Amino acid sequence: QQQVKQSPQSLIVQKGGISIINCAYENTAFDYFPWYQQFPGKGPALLIAIRPDVSEKKEGRFTISFNKSAKQFSLHIMDSQPGDSATYFCAASGSGTYKYIFGTGTRLKVLA
Amino acid sequence: SAVISQKPSRDICQRGTSLTIQCQVDSQVTMMFWYRQQPGQSLTLIATANQGSEATYESGFVIDKFPISRPNLTFSTLTVSNMSPEDSSIYLCSVRTGLNYGYTFGSGTRLTVV
């Protein structure tokens, strides 16, 4: 119940295309769902996050879609650029807790 | 968000030795976290470090192997003791400034044990 399943493990997208990464969770107590972006040699950086009271959140080219009934959420990167090439982690956190459960990561490569 | 300085950024160590990793934050934080990221893997929480109290370790991690110090609200150290090649990982320091904020991570320490 504490797992967050992330797919795909790796993704190759053409420049200008849409990158989609999916995550699924079991624990209905989770109420905060962030996405992190990690470049080689760097620590993960918070990209965007959502709470389950909304179904979608958009920040620039990055959108989180959230399906509470299906217990799934996804990251969409519109107009993907080579600079978006990185590893992306989804995570989930429960109400009142500081602990995150991270997904297994998706290595994205955007071809120029 | 907080700015975290972590050092060393990388090290190559002999098995059986110990390495201490330092984490400095530019603001006072109650809780600091230490994560391990094995090659190509996700992030695993090692322990939570509160100032003035013993660190709280996650299942699979013990104080004898990963002693942590937290002498004040801006600094912490993680020691990887009696290292073996299986300890080769990236070790990350992190802080969270409140329940509504995401974690901020340091750049990590890439440890290779030979």
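Quick caveat, the model's predicted, so the values are computed rather than measured. Proteins come first, then strands; the chains are lettered A, B, ... in the order of their sequence lines, and each starts at number 1.
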Tyr100(A)/Phe33(B) under side-chain contact (heavy atoms from CB on, under 4.5 Å): CA gap, chis, key distance, verdict: CA-CA 11 Å; Tyr100(A) 280 6; Phe33(B) 307 92; over 6 Å; no
Top contributor to chain B interface from Ala91(A), Pro34(A), Gly103(A) [non-hydrogen pairs under 4.5 Å]: Gly103(A)
For a quick test of reading the model, state the closest non-hydrogen atom pair linking [X] to [Y] and the distance between them.
| X | Y | value |
| --- | --- | --- |
| Tyr32(A) | Arg96(B) | CD2-NH2, 3.8 Å |
| Phe102(A) | Ser42(B) | CB-OG, 3.3 Å |
| Gln37(B) | Phe89(A) | NE2-CZ, 3.3 Å |

Is it the side chain or the backbone of [X] that comes within 4.5 Å of chain A heavy atoms, both, or neither?
| X | value |
| --- | --- |
| Thr48(B) | side chain |
| Gln6(B) | neither |
| Leu43(B) | both |

Can you confirm whether more than 12 heavy atoms, excluding those of [X], are under 6.0 Å from its [atom1] atom?
| X | atom1 | value |
| --- | --- | --- |
| Glu56(A) | CD | yes |
| Ile12(B) | CD1 | no |
| Arg61(A) | CZ | yes |
| Glu59(A) | CD | yes |

Same cluster for [X] and [Y] if Ile/Leu/Val/Met/Phe/Trp/Tyr side chains link at under 4.5 Å?
| X | Y | result |
| --- | --- | --- |
| Leu19(B) | Phe61(B) | yes |
| Ile68(B) | Leu45(B) | no |
| Tyr35(B) | Leu78(B) | no |
| Phe62(A) | Phe66(A) | yes |

Gln38(A) portion near chain B, given a 4.5 angstrom heavy-atom threshold: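 Answer is side chain: those atoms of Gln38(A) sit under 4.5 Å from chain B.
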Contact check, side chains of Thr104(A) and Gln41(B), non-hydrogen atoms, under 4.5 Å: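 Contact flag for Thr104(A)/Gln41(B) side chains = no.
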Donor-acceptor contact present, side-chain Tyr36(A) to main-chain Tyr103(B), <3.5 Å: yes
